[in-house]
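Take a look at the structure below.
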Amino acid sequence: MSDSESSGPKVIPIVAQTPAVPPQVPADDEVMVSLYQAHEKIYPRSVSGLFSHWRWVLVWLTQLVFYGLPWLEWGQRQAVLFDLGARRFYIFGLVLYPQDFIYLTGLLVISALSLFLFTAVAGRLWCGYACPQTVYTEIFLWIERKLEGDRSARMRLDAGRWSLNKVARKGAKHLVWLAVALWTGFTFVGYFTPITELAREFTQWRLSGWETFWVFFYGFATYGNAGFMREQVCKYMCPYARFQSAMFDKDTLIVTYDTERGEPRGARSRKADPAALKLGACVDCSLCVQVCPTGIDIRKGLQYECIGCGACADVCDTVMDKMGYERGLVKYSTQNAIKNKWTQAETWKHVFRPRVLIYTSILGAVCIAMLVSLALRTPFKVDVVRDRGVMARIASGGMVENVYRIQVMNATESAQQYRIAVSGLPGLALASEEQVDVDPAQAHWAVVRLQLPYEAAGAGTHPIHFEITSRSSGAQVREKSVFLVPR
Ligand code: SF4
Ligand code: SF4
(Lines give C-alpha, C1' and ligand atoms only; values in the text may rest on other atoms or scores of the structure.)
(Ligands and ions follow the chains in the order given, each with its own letter.)
Protein backbone atom coordinates (compact mmCIF):
# COMPACT_ATOMS: atom_id res chain seq x y z
CA MET A 1 0.00 0.00 0.00
CA SER A 2 1.35 3.42 -0.93
CA ASP A 3 1.70 6.28 1.56
CA SER A 4 -1.23 8.06 0.10
CA GLU A 5 -3.35 5.06 0.67
CA SER A 6 -2.29 4.54 4.27
CA SER A 7 -4.84 5.29 6.93
CA GLY A 8 -4.48 8.05 9.57
CA PRO A 9 -4.03 11.82 9.26
CA LYS A 10 -1.62 13.09 6.60
CA VAL A 11 0.95 15.75 7.41
CA ILE A 12 1.28 18.51 4.82
CA PRO A 13 4.31 20.74 5.27
CA ILE A 14 3.70 24.38 4.43
CA VAL A 15 6.45 25.87 2.34
CA ALA A 16 6.71 29.20 0.56
CA GLN A 17 4.06 29.17 -2.14
CA THR A 18 4.38 30.74 -5.55
CA PRO A 19 1.37 32.31 -7.24
CA ALA A 20 1.60 29.71 -10.05
CA VAL A 21 0.74 26.84 -7.68
CA PRO A 22 -2.84 26.91 -6.46
CA PRO A 23 -3.07 26.60 -2.67
CA GLN A 24 -3.76 23.09 -1.41
CA VAL A 25 -6.97 22.66 0.47
CA PRO A 26 -6.48 20.03 3.16
CA ALA A 27 -8.91 17.15 3.22
CA ASP A 28 -10.81 16.48 6.43
CA ASP A 29 -8.26 13.93 7.68
CA GLU A 30 -5.18 16.06 6.84
CA VAL A 31 -3.29 18.09 9.46
CA MET A 32 -1.47 21.31 8.53
CA VAL A 33 1.99 21.56 10.06
CA SER A 34 4.07 24.72 9.52
CA LEU A 35 7.80 24.26 9.04
CA TYR A 36 8.29 27.72 10.50
CA GLN A 37 7.70 28.25 14.19
CA ALA A 38 5.58 31.27 14.99
CA HIS A 39 7.63 33.87 16.85
CA GLU A 40 6.74 34.32 20.47
CA LYS A 41 8.05 37.45 22.12
CA ILE A 42 10.36 36.73 25.04
CA TYR A 43 10.24 38.95 28.12
CA PRO A 44 13.42 38.10 30.04
CA ARG A 45 13.16 38.84 33.75
CA SER A 46 15.96 40.91 35.28
CA VAL A 47 18.48 38.96 37.28
CA SER A 48 21.41 39.69 39.54
CA GLY A 49 24.26 37.46 40.61
CA LEU A 50 27.84 36.57 39.88
CA PHE A 51 27.47 35.85 36.15
CA SER A 52 25.16 38.79 35.55
CA HIS A 53 27.77 40.97 37.25
CA TRP A 54 30.49 39.66 34.92
CA ARG A 55 28.26 40.17 31.90
CA TRP A 56 27.85 43.84 32.84
CA VAL A 57 31.60 44.18 33.41
CA LEU A 58 32.08 42.91 29.85
CA VAL A 59 29.33 45.24 28.52
CA TRP A 60 31.10 48.24 30.07
CA LEU A 61 34.54 47.12 28.99
CA THR A 62 33.67 46.37 25.36
CA GLN A 63 31.56 49.50 24.95
CA LEU A 64 34.08 51.81 26.60
CA VAL A 65 36.63 50.50 24.10
CA PHE A 66 34.23 50.66 21.12
CA TYR A 67 32.78 54.14 21.79
CA GLY A 68 35.97 55.62 23.28
CA LEU A 69 38.76 54.39 21.01
CA PRO A 70 38.02 56.59 17.96
CA TRP A 71 38.27 59.70 20.17
CA LEU A 72 41.77 58.86 21.38
CA GLU A 73 44.56 60.98 19.90
CA TRP A 74 48.04 59.74 19.04
CA GLY A 75 50.34 62.66 18.28
CA GLN A 76 48.55 64.75 15.66
CA ARG A 77 46.15 62.05 14.51
CA GLN A 78 43.44 59.63 15.59
CA ALA A 79 45.01 56.70 17.47
CA VAL A 80 43.02 54.00 15.65
CA LEU A 81 41.93 54.83 12.12
CA PHE A 82 41.39 52.60 9.10
CA ASP A 83 41.75 55.17 6.35
CA LEU A 84 40.50 53.16 3.38
CA GLY A 85 40.67 56.11 0.97
CA ALA A 86 44.38 56.72 1.66
CA ARG A 87 45.04 52.96 2.12
CA ARG A 88 46.63 53.47 5.52
CA PHE A 89 45.70 51.78 8.78
CA TYR A 90 46.81 53.56 11.92
CA ILE A 91 46.87 51.56 15.15
CA PHE A 92 48.52 53.67 17.84
CA GLY A 93 52.23 53.81 16.81
CA LEU A 94 51.78 51.45 13.87
CA VAL A 95 51.18 52.62 10.32
CA LEU A 96 50.11 49.70 8.12
CA TYR A 97 49.79 49.59 4.35
CA PRO A 98 47.73 47.12 2.27
CA GLN A 99 51.05 45.25 1.82
CA ASP A 100 50.85 44.44 5.57
CA PHE A 101 47.79 42.28 4.91
CA ILE A 102 49.64 39.39 6.56
CA TYR A 103 49.00 40.99 9.98
CA LEU A 104 45.26 41.02 9.33
CA THR A 105 45.51 37.35 8.42
CA GLY A 106 47.43 36.75 11.67
CA LEU A 107 44.72 38.59 13.61
CA LEU A 108 42.01 36.44 12.03
CA VAL A 109 43.98 33.28 12.83
CA ILE A 110 44.37 34.45 16.46
CA SER A 111 40.61 35.22 16.69
CA ALA A 112 39.69 31.80 15.29
CA LEU A 113 42.10 29.97 17.60
CA SER A 114 40.86 31.97 20.61
CA LEU A 115 37.31 31.01 19.72
CA PHE A 116 38.30 27.32 19.50
CA LEU A 117 40.13 27.54 22.82
CA PHE A 118 37.40 29.36 24.75
CA THR A 119 34.73 27.08 23.30
CA ALA A 120 36.68 23.95 24.25
CA VAL A 121 37.12 25.31 27.80
CA ALA A 122 33.79 26.93 28.50
CA GLY A 123 31.36 26.49 25.61
CA ARG A 124 29.66 29.61 24.33
CA LEU A 125 31.54 32.00 26.60
CA TRP A 126 31.87 34.48 23.73
CA CYS A 127 28.11 34.37 23.00
CA GLY A 128 27.06 34.84 26.61
CA TYR A 129 29.40 37.65 27.55
CA ALA A 130 31.15 39.48 24.71
CA CYS A 131 29.28 38.97 21.42
CA PRO A 132 27.95 42.34 20.15
CA GLN A 133 24.50 40.75 19.75
CA THR A 134 24.43 39.85 23.46
CA VAL A 135 25.98 43.13 24.55
CA TYR A 136 23.58 45.37 22.58
CA THR A 137 20.58 43.23 23.51
CA GLU A 138 21.59 43.66 27.17
CA ILE A 139 21.83 47.46 26.73
CA PHE A 140 18.51 47.67 24.84
CA LEU A 141 16.82 45.44 27.44
CA TRP A 142 18.12 47.65 30.23
CA ILE A 143 16.57 50.71 28.51
CA GLU A 144 13.33 48.75 28.03
CA ARG A 145 13.21 47.82 31.72
CA LYS A 146 13.87 51.40 32.78
CA LEU A 147 11.01 52.72 30.62
CA GLU A 148 8.48 49.88 30.63
CA GLY A 149 9.29 47.99 33.83
CA ASP A 150 10.36 44.41 34.48
CA ARG A 151 8.94 41.26 32.83
CA SER A 152 5.38 41.28 34.19
CA ALA A 153 4.94 45.05 33.71
CA ARG A 154 6.13 44.75 30.12
CA MET A 155 3.81 41.82 29.44
CA ARG A 156 0.87 43.78 30.89
CA LEU A 157 1.78 46.85 28.85
CA ASP A 158 1.98 44.84 25.61
CA ALA A 159 -1.28 43.02 26.30
CA GLY A 160 -3.14 46.21 27.33
CA ARG A 161 -4.98 48.66 25.09
CA TRP A 162 -3.23 51.67 23.60
CA SER A 163 -3.33 54.58 26.06
CA LEU A 164 -1.40 57.79 26.58
CA ASN A 165 0.82 55.99 29.09
CA LYS A 166 1.55 53.17 26.62
CA VAL A 167 2.29 55.58 23.75
CA ALA A 168 4.58 57.67 25.99
CA ARG A 169 6.51 54.66 27.32
CA LYS A 170 6.87 52.93 23.96
CA GLY A 171 7.70 56.23 22.21
CA ALA A 172 10.37 57.11 24.76
CA LYS A 173 11.87 53.63 24.49
CA HIS A 174 12.13 53.79 20.71
CA LEU A 175 13.58 57.29 20.82
CA VAL A 176 16.33 56.21 23.24
CA TRP A 177 16.94 53.03 21.21
CA LEU A 178 17.25 55.08 18.03
CA ALA A 179 19.66 57.50 19.70
CA VAL A 180 21.89 54.62 20.92
CA ALA A 181 21.68 52.91 17.50
CA LEU A 182 22.58 56.10 15.65
CA TRP A 183 25.47 56.78 18.00
CA THR A 184 26.68 53.22 17.40
CA GLY A 185 26.51 53.71 13.62
CA PHE A 186 28.33 57.04 13.92
CA THR A 187 31.07 55.46 16.08
CA PHE A 188 31.48 52.59 13.62
CA VAL A 189 32.06 55.02 10.73
CA GLY A 190 34.42 56.99 13.02
CA TYR A 191 36.88 54.10 12.70
CA PHE A 192 37.13 54.76 8.96
CA THR A 193 36.83 58.57 8.77
CA PRO A 194 38.51 60.90 11.32
CA ILE A 195 35.78 61.10 13.95
CA THR A 196 36.16 64.79 14.81
CA GLU A 197 35.72 65.67 11.13
CA LEU A 198 32.79 63.28 10.93
CA ALA A 199 31.16 64.93 13.98
CA ARG A 200 31.56 68.35 12.34
CA GLU A 201 30.08 67.10 9.08
CA PHE A 202 27.30 65.32 10.98
CA THR A 203 26.24 68.43 12.92
CA GLN A 204 26.37 70.53 9.73
CA TRP A 205 24.55 67.78 7.80
CA ARG A 206 27.37 67.55 5.26
CA LEU A 207 28.07 63.81 5.41
CA SER A 208 29.10 62.16 2.16
CA GLY A 209 26.81 59.57 0.57
CA TRP A 210 28.84 56.59 1.82
CA GLU A 211 29.19 57.99 5.34
CA THR A 212 25.42 58.60 5.51
CA PHE A 213 24.74 55.09 4.22
CA TRP A 214 27.01 53.36 6.75
CA VAL A 215 25.94 55.47 9.76
CA PHE A 216 22.29 54.65 9.07
CA PHE A 217 22.84 51.08 7.91
CA TYR A 218 24.90 50.13 10.98
CA GLY A 219 22.53 52.08 13.24
CA PHE A 220 19.49 50.41 11.70
CA ALA A 221 21.12 46.95 12.07
CA THR A 222 21.79 47.65 15.76
CA TYR A 223 18.23 48.90 16.31
CA GLY A 224 16.71 45.90 14.54
CA ASN A 225 18.96 43.21 15.96
CA ALA A 226 19.09 44.37 19.58
CA GLY A 227 15.58 45.80 19.78
CA PHE A 228 13.50 43.30 17.82
CA MET A 229 15.41 40.25 16.52
CA ARG A 230 17.31 39.54 19.75
CA GLU A 231 17.46 35.78 20.45
CA GLN A 232 16.35 35.02 16.87
CA VAL A 233 19.76 36.18 15.62
CA CYS A 234 21.41 33.59 17.88
CA LYS A 235 18.88 30.85 17.12
CA TYR A 236 18.43 31.20 13.36
CA MET A 237 21.07 33.49 11.89
CA CYS A 238 24.37 32.91 13.70
CA PRO A 239 26.38 30.01 12.19
CA TYR A 240 28.43 29.65 15.38
CA ALA A 241 25.46 28.05 17.18
CA ARG A 242 25.38 25.37 14.49
CA PHE A 243 28.99 24.26 14.53
CA GLN A 244 29.70 24.70 18.24
CA SER A 245 28.84 21.04 18.89
CA ALA A 246 31.93 20.07 16.89
CA MET A 247 34.07 21.92 19.45
CA PHE A 248 32.29 20.63 22.56
CA ASP A 249 33.07 17.43 24.40
CA LYS A 250 32.06 15.96 27.76
CA ASP A 251 34.77 17.98 29.56
CA THR A 252 33.60 21.36 28.24
CA LEU A 253 32.14 23.70 30.85
CA ILE A 254 28.50 24.34 30.05
CA VAL A 255 25.52 25.61 32.01
CA THR A 256 23.93 22.43 33.32
CA TYR A 257 21.04 21.41 35.51
CA ASP A 258 21.88 18.68 38.01
CA THR A 259 19.00 16.34 37.17
CA GLU A 260 19.90 13.80 39.83
CA ARG A 261 19.76 16.44 42.54
CA GLY A 262 16.83 18.41 41.15
CA GLU A 263 14.35 15.67 40.24
CA PRO A 264 11.62 14.92 40.94
CA ARG A 265 10.82 18.60 40.91
CA GLY A 266 7.87 20.10 42.70
CA ALA A 267 6.58 23.06 44.71
CA ARG A 268 6.81 22.87 48.50
CA SER A 269 6.92 25.21 51.47
CA ARG A 270 10.26 26.48 52.68
CA LYS A 271 9.96 24.51 55.89
CA ALA A 272 9.00 21.21 54.23
CA ASP A 273 11.49 18.35 54.16
CA PRO A 274 12.05 17.41 50.50
CA ALA A 275 13.14 13.89 51.47
CA ALA A 276 9.87 13.30 53.28
CA LEU A 277 7.97 14.60 50.23
CA LYS A 278 10.19 12.49 47.98
CA LEU A 279 11.15 15.64 46.03
CA GLY A 280 14.44 16.81 44.58
CA ALA A 281 15.92 20.28 45.04
CA CYS A 282 14.06 21.94 42.12
CA VAL A 283 11.02 23.81 43.46
CA ASP A 284 9.67 24.18 39.90
CA CYS A 285 9.44 27.95 40.24
CA SER A 286 10.25 28.39 36.50
CA LEU A 287 12.43 31.42 37.25
CA CYS A 288 15.28 29.86 35.26
CA VAL A 289 13.00 29.90 32.19
CA GLN A 290 11.77 33.45 32.89
CA VAL A 291 15.28 34.93 33.00
CA CYS A 292 16.52 33.06 29.94
CA PRO A 293 17.14 35.48 27.04
CA THR A 294 16.44 32.68 24.54
CA GLY A 295 13.38 31.41 26.40
CA ILE A 296 14.54 27.82 26.91
CA ASP A 297 14.28 25.50 29.91
CA ILE A 298 17.78 24.44 30.98
CA ARG A 299 16.23 21.50 32.86
CA LYS A 300 15.66 19.81 29.50
CA GLY A 301 19.43 19.47 29.05
CA LEU A 302 21.95 21.09 26.70
CA GLN A 303 20.19 22.85 23.83
CA TYR A 304 21.73 24.64 20.87
CA GLU A 305 19.76 27.80 21.75
CA CYS A 306 21.64 28.16 25.07
CA ILE A 307 24.16 30.99 24.81
CA GLY A 308 25.80 30.06 28.13
CA CYS A 309 25.01 33.39 29.78
CA GLY A 310 24.55 31.89 33.25
CA ALA A 311 21.37 33.91 34.02
CA CYS A 312 19.53 30.71 34.98
CA ALA A 313 22.41 29.72 37.30
CA ASP A 314 22.26 33.14 39.00
CA VAL A 315 18.52 33.07 39.57
CA CYS A 316 18.50 29.43 40.69
CA ASP A 317 21.18 30.24 43.28
CA THR A 318 18.91 32.94 44.74
CA VAL A 319 16.07 30.37 44.91
CA MET A 320 18.37 27.85 46.61
CA ASP A 321 19.45 30.55 49.11
CA LYS A 322 15.81 31.34 49.93
CA MET A 323 15.00 27.66 50.40
CA GLY A 324 18.13 27.10 52.48
CA TYR A 325 19.47 24.51 50.00
CA GLU A 326 22.99 24.23 48.71
CA ARG A 327 23.71 26.43 45.67
CA GLY A 328 24.63 25.02 42.27
CA LEU A 329 21.51 23.15 41.14
CA VAL A 330 22.10 25.00 37.86
CA LYS A 331 25.77 25.78 37.37
CA TYR A 332 28.75 25.81 35.02
CA SER A 333 29.97 22.24 35.01
CA THR A 334 30.87 19.48 32.58
CA GLN A 335 28.83 16.47 31.59
CA ASN A 336 31.54 14.18 32.98
CA ALA A 337 31.73 16.12 36.27
CA ILE A 338 27.97 15.83 36.80
CA LYS A 339 27.98 12.13 35.89
CA ASN A 340 31.00 11.21 38.03
CA LYS A 341 30.21 13.68 40.83
CA TRP A 342 33.64 15.31 40.57
CA THR A 343 34.78 18.04 42.94
CA GLN A 344 35.59 21.48 41.53
CA ALA A 345 39.33 20.71 41.56
CA GLU A 346 38.78 17.44 39.68
CA THR A 347 36.53 19.20 37.17
CA TRP A 348 39.13 21.90 36.43
CA LYS A 349 41.84 19.24 36.10
CA HIS A 350 39.81 17.64 33.30
CA VAL A 351 38.91 20.97 31.69
CA PHE A 352 42.62 21.61 31.00
CA ARG A 353 42.90 18.47 28.88
CA PRO A 354 45.40 17.81 26.02
CA ARG A 355 43.14 19.39 23.40
CA VAL A 356 43.00 22.65 25.38
CA LEU A 357 46.75 22.59 25.95
CA ILE A 358 47.35 22.09 22.21
CA TYR A 359 45.06 25.03 21.33
CA THR A 360 46.82 27.16 23.97
CA SER A 361 50.31 26.32 22.65
CA ILE A 362 49.35 27.02 19.02
CA LEU A 363 47.66 30.26 20.02
CA GLY A 364 50.70 31.29 22.10
CA ALA A 365 53.06 30.47 19.20
CA VAL A 366 51.00 32.50 16.68
CA CYS A 367 50.81 35.47 19.10
CA ILE A 368 54.57 35.40 19.69
CA ALA A 369 55.26 35.11 15.94
CA MET A 370 52.98 38.11 15.29
CA LEU A 371 54.67 40.21 17.98
CA VAL A 372 58.19 39.31 16.82
CA SER A 373 57.27 40.00 13.22
CA LEU A 374 55.78 43.40 14.17
CA ALA A 375 58.87 44.28 16.22
CA LEU A 376 61.24 43.34 13.37
CA ARG A 377 59.11 44.88 10.65
CA THR A 378 60.95 47.21 8.24
CA PRO A 379 59.48 50.68 8.78
CA PHE A 380 59.00 51.28 5.04
CA LYS A 381 57.74 49.44 1.97
CA VAL A 382 58.98 49.54 -1.61
CA ASP A 383 57.32 48.72 -4.92
CA VAL A 384 59.39 48.67 -8.12
CA VAL A 385 57.66 48.92 -11.51
CA ARG A 386 59.45 49.00 -14.87
CA ASP A 387 58.16 51.99 -16.76
CA ARG A 388 56.33 50.35 -19.68
CA GLY A 389 55.94 53.72 -21.42
CA VAL A 390 59.71 54.03 -21.80
CA MET A 391 61.34 50.90 -23.22
CA ALA A 392 65.09 50.38 -23.06
CA ARG A 393 66.86 53.01 -25.10
CA ILE A 394 70.35 54.08 -26.09
CA ALA A 395 71.42 57.20 -24.16
CA SER A 396 74.30 59.53 -24.89
CA GLY A 397 77.78 58.07 -24.50
CA GLY A 398 76.73 54.62 -25.76
CA MET A 399 74.86 53.72 -22.62
CA VAL A 400 71.74 51.54 -22.44
CA GLU A 401 69.08 53.16 -20.27
CA ASN A 402 66.05 51.58 -18.53
CA VAL A 403 63.48 53.61 -16.60
CA TYR A 404 61.66 52.42 -13.46
CA ARG A 405 59.07 53.84 -11.11
CA ILE A 406 59.79 53.14 -7.46
CA GLN A 407 57.16 53.71 -4.76
CA VAL A 408 58.60 54.21 -1.28
CA MET A 409 56.03 54.04 1.52
CA ASN A 410 57.10 55.61 4.79
CA ALA A 411 55.49 53.67 7.68
CA THR A 412 56.87 55.95 10.38
CA GLU A 413 55.47 59.16 11.85
CA SER A 414 58.49 61.30 10.86
CA ALA A 415 59.88 62.52 7.53
CA GLN A 416 62.49 60.10 6.13
CA GLN A 417 65.29 60.10 3.57
CA TYR A 418 66.03 56.96 1.60
CA ARG A 419 69.05 56.11 -0.53
CA ILE A 420 68.56 54.09 -3.69
CA ALA A 421 71.33 51.77 -4.90
CA VAL A 422 71.39 49.10 -7.58
CA SER A 423 73.38 45.89 -8.12
CA GLY A 424 73.41 42.85 -10.37
CA LEU A 425 75.40 43.90 -13.47
CA PRO A 426 79.00 45.21 -13.68
CA GLY A 427 78.96 48.90 -14.60
CA LEU A 428 75.24 49.36 -13.83
CA ALA A 429 74.69 52.80 -12.29
CA LEU A 430 71.99 55.24 -11.30
CA ALA A 431 71.54 58.16 -13.70
CA SER A 432 68.91 59.93 -11.57
CA GLU A 433 68.65 61.23 -7.97
CA GLU A 434 69.81 58.60 -5.52
CA GLN A 435 67.92 60.16 -2.60
CA VAL A 436 64.16 60.11 -2.02
CA ASP A 437 62.48 62.25 0.66
CA VAL A 438 59.14 61.02 1.98
CA ASP A 439 56.81 62.81 4.40
CA PRO A 440 55.51 61.06 7.56
CA ALA A 441 53.16 58.13 6.79
CA GLN A 442 53.17 59.06 3.09
CA ALA A 443 54.13 57.29 -0.11
CA HIS A 444 56.28 58.81 -2.86
CA TRP A 445 56.75 57.71 -6.48
CA ALA A 446 60.27 58.31 -7.80
CA VAL A 447 61.35 57.95 -11.44
CA VAL A 448 64.68 56.11 -11.49
CA ARG A 449 66.94 55.84 -14.55
CA LEU A 450 69.57 53.11 -14.74
CA GLN A 451 72.41 53.12 -17.28
CA LEU A 452 74.74 50.35 -18.41
CA PRO A 453 77.65 50.49 -20.92
CA TYR A 454 76.34 48.83 -24.12
CA GLU A 455 79.07 46.21 -24.30
CA ALA A 456 78.76 45.28 -20.58
CA ALA A 457 75.99 42.72 -21.15
CA GLY A 458 74.49 40.78 -24.01
CA ALA A 459 71.06 41.43 -25.48
CA GLY A 460 68.12 40.20 -23.37
CA THR A 461 66.82 40.61 -19.81
CA HIS A 462 69.17 40.52 -16.84
CA PRO A 463 68.11 40.18 -13.19
CA ILE A 464 69.08 43.11 -11.00
CA HIS A 465 68.34 44.28 -7.42
CA PHE A 466 67.37 47.64 -6.01
CA GLU A 467 68.57 48.32 -2.46
CA ILE A 468 66.67 51.07 -0.67
CA THR A 469 68.18 52.13 2.65
CA SER A 470 66.70 54.40 5.30
CA ARG A 471 69.28 57.04 6.21
CA SER A 472 67.97 57.38 9.79
CA SER A 473 67.50 53.75 10.86
CA GLY A 474 69.77 51.96 8.37
CA ALA A 475 66.92 49.52 7.58
CA GLN A 476 67.19 48.11 4.07
CA VAL A 477 64.73 46.64 1.55
CA ARG A 478 65.96 44.63 -1.46
CA GLU A 479 63.62 44.38 -4.46
CA LYS A 480 64.10 42.26 -7.57
CA SER A 481 63.72 43.64 -11.08
CA VAL A 482 65.18 43.16 -14.58
CA PHE A 483 67.34 45.25 -16.88
CA LEU A 484 66.62 45.02 -20.61
CA VAL A 485 69.41 45.27 -23.20
CA PRO A 486 68.04 45.69 -26.78
CA ARG A 487 69.62 43.92 -29.81
S1 SF4 B 1 15.23 28.26 39.08
FE2 SF4 B 1 16.10 26.41 39.99
S3 SF4 B 1 14.49 25.75 41.38
FE4 SF4 B 1 13.50 27.20 40.02
S5 SF4 B 1 12.69 25.92 38.38
FE6 SF4 B 1 14.72 26.56 37.73
S7 SF4 B 1 16.05 24.87 38.35
FE8 SF4 B 1 14.14 24.64 39.50
S1 SF4 C 1 19.60 28.31 29.48
FE2 SF4 C 1 20.61 29.58 31.03
S3 SF4 C 1 22.68 29.89 30.25
FE4 SF4 C 1 21.45 29.12 28.56
S5 SF4 C 1 20.77 30.99 27.54
FE6 SF4 C 1 19.16 30.42 28.96
S7 SF4 C 1 19.66 31.56 30.82
FE8 SF4 C 1 21.48 31.63 29.55
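Treat the numbers as computed from the prediction; the structure is a model and nothing was measured. Just follow the structure's listing: the first ligand is 1, and inside any ligand the first atom is 1.
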Distance under 4.0 Å to a non-hydrogen atom of C316: what atoms of ligand 1 satisfy this?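 Once the distances to C316 are compared, the set is 1 (S), 2 (Fe), 7 (S).
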R299 neighbourhood, listing ligand 1 atoms whose heavy-atom distance to it stays under 4.0 Å: 5 (S), 7 (S)
[X] neighbourhood, listing ligand 2 atoms whose heavy-atom distance to it stays under 4.0 Å:
| X | value |
| --- | --- |
| I296 | 1 (S) |
| C312 | 1 (S), 2 (Fe), 3 (S), 7 (S) |
| P293 | 7 (S) |
| G308 | 3 (S), 4 (Fe) |
| C292 | 1 (S), 5 (S), 6 (Fe), 7 (S) |
| G310 | 3 (S), 8 (Fe) |
| V255 | 3 (S) |

Would you say the rings of [Y] and [X] are close, in the sense that their centroids are separated by under 6.0 Å?
| X | Y | answer |
| --- | --- | --- |
| F186 | W183 | yes |
| Y223 | F228 | yes |
| W56 | F51 | no |
| F217 | F213 | yes |
| F192 | F188 | yes |
| F140 | H174 | no |

Any idea which protein heavy atom is nearest [atom], and the distance to it?
| atom | result |
| --- | --- |
| atom 4 (Fe) of ligand 1 | C285 SG, 2.3 Å |
| atom 8 (Fe) of ligand 2 | C309 SG, 2.3 Å |
| atom 3 (S) of ligand 1 | V283 N, 3.5 Å |

Per-residue contact class, R265 against ligand 1 - non-hydrogen pairs under 4.0 Å: neither
Should the proximity of A281 to ligand 1, defined as any heavy atom under 4.0 Å, be assigned to the side chain, the backbone, both, or neither? neither
For the pair [X] and [Y], find out whether any cationic side-chain nitrogen is under 4.0 Å from an anionic carboxylate oxygen.
| X | Y | answer |
| --- | --- | --- |
| R45 | D150 | no |
| D249 | R355 | yes |
| R230 | E144 | yes |

Indicate if the distance from atom 6 (Fe) of ligand 2 to the nearest N, O or S atom of C306 falls below 2.8 Å.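 Checking atom 6 (Fe) of ligand 2 against C306, no N, O or S atom falls under 2.8 Å.
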Hey, is atom 6 (Fe) of ligand 1 within less than 2.8 Å of some N/O/S atom on C288? yes
Within less than 4.0 angstrom of ligand 1, does G262 place any heavy atom? no
CZ (R353) with more than 12 external heavy atoms under 6.0 Å: yes
Taking atom CD as the centre, does Q232 end up with more than 12 heavy-atom neighbours from other residues, nucleotides or ligands that are less than 6.0 angstrom away?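 Yes, CD of Q232 has more than 12 neighbouring heavy atoms, counting only those of other groups under 6.0 Å.
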CG of D158 to NZ of K41, rounded to nearest 0.5 Å, is 4.0 Å
For atom 5 (S) of ligand 2, which of L302, I307, V289 has the closest heavy atom?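 The option holding the nearest heavy atom is I307.
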Taking 2.8 Å as the cut-off, does an N/O/S atom of C282 lie below it from atom 8 (Fe) of ligand 1? yes
